[in-house]
Amino acid sequence: MLETLRKAIKIKEIRKRLYYTFFMMVVVRLGCQIAIPFLNGDIFNQIFKPQSATGATKDVLNFFNMFTGGSMEKMSIFALNITPYITSSIIMQLLTIAIPKLDEIQKDGEEGRKKIAEITRYLTVGLAIIESTAMLIGFNNSGYLIPDGFKAIPAWGVIVLGVLAMTAGSAVLMWIGEQITEKGIGNGISIVLTINIIQGMPATIGNLYTQYWSPYIKAVQSGKKTTAFNESIGFVLLATAIITAVIILLVSLVVILQGATRKIGVQMSQKVQGRRQVGGQQSSIPLRVNTAGVIPVIFASSLMQFPVVIATFLSGGKTPEWSNYLTQSSWLKAPWHYSIGFIVYLLLIIFFAYFYTSITFNPREVAKNLNDRGGFIPGIRSGKPTVEYLTHILNYIILIGAIGLCIVSIIPIAGGSISGVQLGFGGTSIIIIVGVILETLETLKSMVSEHNYSTVRGIF
């Protein structure tokens with residue numbers, strides 16, 4: 001990793017892209033600190049404290065704080081963050097299956113992709129308006145919205161101002177993500193999401209310390225003898241060991257999953273050029289086992305939490321009973337019927353793994369390009385048999401990758417349910433952070449290799 005960064009920094013063009021990406025990340029974090037005017041910030045700080053909620057409500061608040069980098073806690077202009085964009089992307093990709101016209105537009109090359117992206121932007125703004133309106137109306141109904149010093153200001157005025165600020169903030173973040181993709185390094189939306197999750201890690205570690213070490217330290221300092229298990233050194237060390245082991249295991253699994261590839265051998269046909277024979281080389285098509293990357297987990301988590309978020313804010317912070325089916329704190333424990341949501345979550349990960357891969361990787365196009373270049377897969381005829389072979393292999397490795405993502409998602413949930421030790425952040429955070437870092441490094445390696453290749457070609 002350090003060697004890749006060292007080489008990248010030496011190249012002027014890549015260095016500019018790195019600086020641009022870093023600058024945009026600073027802008028994102030600065031925007032997360034700008035509070036919306038006339039909102040009761042102290043109340044929101046109290047609402048989002050770890051000890052102020054339990055169950056489904058706590059899961060919703062943790063989810064929103066994780067994805068927004070603490071912006072929701074501060075009620076900043078970036079309070080919605082990129083969650084409307086993620087949701088609109090899911091909706092648009094599902095609509096391309098349901099609506100033939102959209103499917104035609106998407107397949108219309110670069111122009112079609114630009115049109116789909118434009119529709120996604122408009123849908124993002126619409127969702128941001130709906131989410132922010134529901135959120136602010138719910139807070140207003142609970143008396144959380146306007147501080148005492150501004151009671152003379154009409155509530156509708158504060159709601160309109162808040163909706164405008166939060167919608168504009170979400171649109172700006174969407175634009176920043178697209179600009180990072182175009183002018184920076186890596187997938188901009190994933191990088192914005194990752195920097196927000198990383199920002200919350202120190203607070204999460206602090207919460208874990210407060211939850212597990214503080215009771216023991218207080219008991220020791222007070223000198224009292226206690227029989228409470230959660231105040232014993234044995235419990236503290238056990239909890240620390242479990243959390244450390246789970247984190248190491250998750251990171252290792254994600255690294256293995258992201259790096260695993262299936263190589264399909266390719267033979268290039270020999271051609272006669274003048275008096276020489278060219279071609280005939282052996283090559284390969286590398287297919288990543290986790291072809292969809294972190295997208296299935298992000299989409300599944302967002303889709304599971306979206307209805308709970310809307311219901312929570314509309315009810316002024318009180319989650320309905322059905323939300324337990326969609327929240328991780330209720331899974332794999334009594335009452336067991338809530339674990340139906342856990343099964344749905346795993347099925348969504350598998351579905352989005354297949355769905356996203358079907359959009360980004362087309363076996364028919366790969367087979368056509370291979371045939372145009374005079375290449376073929378040994379033992380497989382060109383044309384339809386090659387397409388069927390690639391589709392069969394792709395479906396097989398997608399399933400393996402999806403199961404790998406499910407295992408990484410299961411470990412913290414199952415571990416917390418069995419041991420009673422809660423991480424404070426789940427496999428979703430680990431998958432996103434490690435996955436995006438690895439993908440960004442791969443992008444850097446490709447850019448460095450491409451620059452070196454272009455330099456060599458320029459010499460000769």
Side-chain angles (χ1 to χ4, degrees), residues 21 24-36 39 41 44-45 47-48 59-92 120-136 138-139 162-181 184 186-204 294-295 297-310 312-313 425-426 428-429 431-433 435-436:
T21 304
M24 283 301 186
M25 289 193 294
V26 172
V27 172
V28 171
R29 292 311 310 157
L30 287 176
C32 291
Q33 312 305 316
I34 302 174
I36 301 172
L39 295 187
F44 289 109
N45 285 332
I47 293 173
F48 281 85
D59 274 6
V60 171
L61 298 182
N62 284 341
F63 174 82
F64 240 90
N65 245 1
M66 178 188 74
F67 272 65
T68 64
S71 299
M72 181 59 65
E73 183 179 1
K74 301 179 180 68
M75 283 307 291
S76 76
I77 59 174
F78 288 169
L80 291 180
N81 216 269
I82 58 171
T83 51
Y85 180 81
I86 293 173
T87 307
S88 64
S89 297
I90 297 172
I91 294 173
M92 281 303 300
T120 304
R121 294 188 195 105
Y122 287 125
L123 184 58
T124 299
V125 173
L127 285 175
I129 293 173
I130 294 172
E131 288 185 29
S132 57
T133 302
M135 194 180 301
L136 293 171
F139 283 136
V163 169
L164 290 174
M166 293 167 76
T167 301
S170 185
V172 168
L173 280 177
M174 177 179 61
W175 177 82
I176 288 175
E178 291 177 348
Q179 293 303 303
I180 291 176
T181 302
N187 185 305
I189 298 298
S190 297
I191 288 175
V192 170
L193 185 59
T194 301
I195 194 65
N196 285 331
I197 296 175
I198 291 175
Q199 181 274 338
M201 284 298 180
T204 301
V294 300
I295 297 298
V297 176
I298 296 175
F299 279 12
S301 300
S302 300
L303 203 61
M304 292 288 285
Q305 291 295 332
F306 182 71
V308 184
V309 168
I310 295 297
T312 300
F313 290 125
F425 53 89
T428 304
S429 304
I431 292 171
I432 292 172
I433 292 173
V436 171

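Atom set for the values below is all heavy atoms of this structure, side chains included, hydrogens, waters and symmetry mates excluded.
How far OG of Ser132 is from CG of Leu164: 8.5 Å, rounded to the nearest 0.5 Å. Of the inter-residue distances, the one linking Thr21 atom OG1 with Ile176 atom CD1 reads 12.0 Å to the nearest 0.5 angstrom. Distance check, rounded to the nearest 0.5 Å: CD1 of Ile195 to CD1 of Ile433 gives 9.5 Å. A distance of 5.0 Å separates OG1 in Thr167 from CD1 in Ile129, rounded to the nearest 0.5 Å. To the nearest 0.5 Å, atom CG of residue Leu193 and atom OG1 of residue Thr83 are 9.5 Å apart. To the nearest 0.5 angstrom, Glu131 atom CD is 11.5 Å from Leu136 atom CG.
When each of Leu30, Ile36, Ile34, Val172 is paired with Phe78, the side-chain contact (heavy atoms from CB on, under 4.5 Å) condition holds for Val172 and for no other.
Nearest approach of Ala79 to Met166, heavy atoms of both residues: CB-CE, 3.9 Å. Between Thr124 and Ser88, the closest heavy-atom pair is OG1-OG, 2.7 Å.
Under the 4.5 Å side-chain criterion, counting only non-hydrogen atoms from C-beta, Leu127 is not in contact with Leu80. Arg29 is listed as a side-chain neighbour of Asn196, based on a closest heavy-atom distance under 4.5 Å. Asn187 places none of its side-chain heavy atoms less than 4.5 Å from the side chain of Val436. Here the side chains of Ile191 and Met24 are not in contact, with every heavy-atom distance at 4.5 Å or above.
Judged by distance alone, with hydrogens and angles left aside, the side-chain atoms of Thr181 form a donor-acceptor pair with the main-chain N or O of Gly188 at under 3.5 Å.
A side chain to side chain donor-acceptor pair (under 3.5 Å) check over residues 169-179, counting only residues at least two apart or in different chains, returns the pairs Arg121-Glu178, Gln179-Lys183.
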